[in-house]
Amino acid sequence: MPKQTRNDPEKKKTATKGKKQPVKAQKKTAAKPPAEAENTAEKGKRGAKSQYANKVLPYLADIERYVRCCVTEGDICKYYGVGKTQWAQYKKDYPELTETLLRARESAKQDLLDNAYRVAVGYYYEETHTTTVIIDGKPCKKTYVDRKYAKPDAGMIQFLLINRYSGEFARDPQAVELRKKALELAKDGKLPDGWEGV
């Protein structure tokens, strides 16, 4: 059986006594002038720059148009190749993106309310028809426009009245009053047991 050597710390010390040990290089940090220190503080984070300037900023008008057409933010992120967490960070860091999204949502909401009111009241619309007529043995296309009237929609009228003027047109006025009382009691912390469902 071959001899096994022991790891003896005393032998190591004597073996390395005569040899010069390499000196570890220490980094010398030169003091930065005050101007450079301020510049690095202004630059902020280290690492790769944000892709906001390339992926989002040039397309703010398009993004506003998409949100106005009720496209979700998730679909917008996927289309522009931005992650959802990065999109949320962009909304925190860049107020122009947040303002654009809010403005587009408000515009979409106003358009929906206008159209709901138009459907509830009734409106005129035009339909264009094209027919082929044979005149002197030759086919000719003839286009004419019909003006039609869409009658008021009773369901939309009911929806708008109940949701916009719930105090006057609620389906169950007693339930609305009970909810108001329950909210007042909940604010005071005096809500009795069994009122959770109201």
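Quick note: numbers below take in every heavy atom, side chains included, and nothing from hydrogens, waters or symmetry partners. Everything quoted here is computed from the prediction, not taken from an experiment.
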Basic-acidic side-chain contact under 4.0 Å: [X], [Y]:
X	Y	value
Glu126	Lys148	no
Glu73	Lys91	yes
Lys187	Glu184	no
Glu99	Arg103	no

(message) Determine whether Tyr66 and Asp75 satisfy the following criterion, side chain to side chain contact (heavy atoms under 4.5 Å, CB included), listing intermediate values before the conclusion.
(response) CA-CA 10 Å; Tyr66 296 147; Asp75 290 339; over 6 Å; no
What about [X] and [Y], same hydrophobic cluster or not, with Ile/Leu/Val/Met/Phe/Trp/Tyr joined at side-chain heavy-atom distances under 4.5 Å?
X	Y	result
Val56	Tyr94	yes
Tyr79	Val82	yes
Leu160	Tyr123	yes

Atom [atom1] in [X], atom [atom2] in [Y]: separation rounded to 0.5 Å?
X	Y	atom1	atom2	value
Gln86	Asp93	CD	CG	8.0 Å
Arg164	Phe169	CZ	CZ	13.5 Å
Lys109	Asp114	NZ	CG	12.0 Å
Leu101	Glu96	CG	CD	10.5 Å
Tyr144	Glu127	OH	CD	9.5 Å
Thr128	Asp146	OG1	CG	8.5 Å

(message) Here's one to test your reading of the geometry: is the NZ or CZ of Arg147 within 45 degrees of the ring axis of Tyr124 and under 6.0 Å from its centre?
(response)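 Yes.
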Using a 4.5 Å cut-off on heavy atoms from C-beta on, say whether the side chain of [Y] contacts that of [X].
X	Y	answer
Pro139	Val133	no
Trp87	Leu97	yes
Tyr125	Arg118	no
Lys142	Thr130	no
Asp62	Arg65	yes

Tell me the closest heavy-atom pair linking [X] and [Y], and the distance in Å.
X	Y	answer
Gly83	Cys77	O-SG, 4.4 Å
Arg68	Ser107	NE-OG, 3.2 Å
Pro58	Ala53	CD-O, 3.2 Å
Leu60	Thr100	O-CG2, 3.7 Å
Pro152	Ala120	CB-O, 3.1 Å

(request) Say whether, by atom type as modelled, one donor and one acceptor occur between the side chain of Asn163 and the main chain of Phe159 under 3.5 angstrom. (result)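 Side chain of Asn163 to backbone of Phe159: a pair is present.
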(request) Output yes when a side-chain donor or acceptor of Lys151 lies under 3.5 Å from a complementary backbone atom of Gly122, and no otherwise. (result)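 No; judged by distance alone, with no hydrogens or angles, the pair does not exist.
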(request) Verify the ring-centre separation between Tyr80 and Tyr59: is it less than 6.0 angstrom? (result)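 Ring centroids of Tyr59 and Tyr80 are less than 6.0 Å from each other.
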(message) Determine whether Val67 and Glu64 satisfy the following criterion, side chain to side chain contact (heavy atoms under 4.5 Å, CB included), listing intermediate values before the conclusion.
(response) CA-CA 5 Å; Val67 172; Glu64 183 174 358; 6.0 Å; no
(message) Are there over 12 heavy-atom neighbours, none belonging to Tyr165, within less than 6.0 Å of that residue's OH?
(response)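 Counting other residues, nucleotides and ligands, OH of Tyr165 stays at 12 neighbours or fewer.
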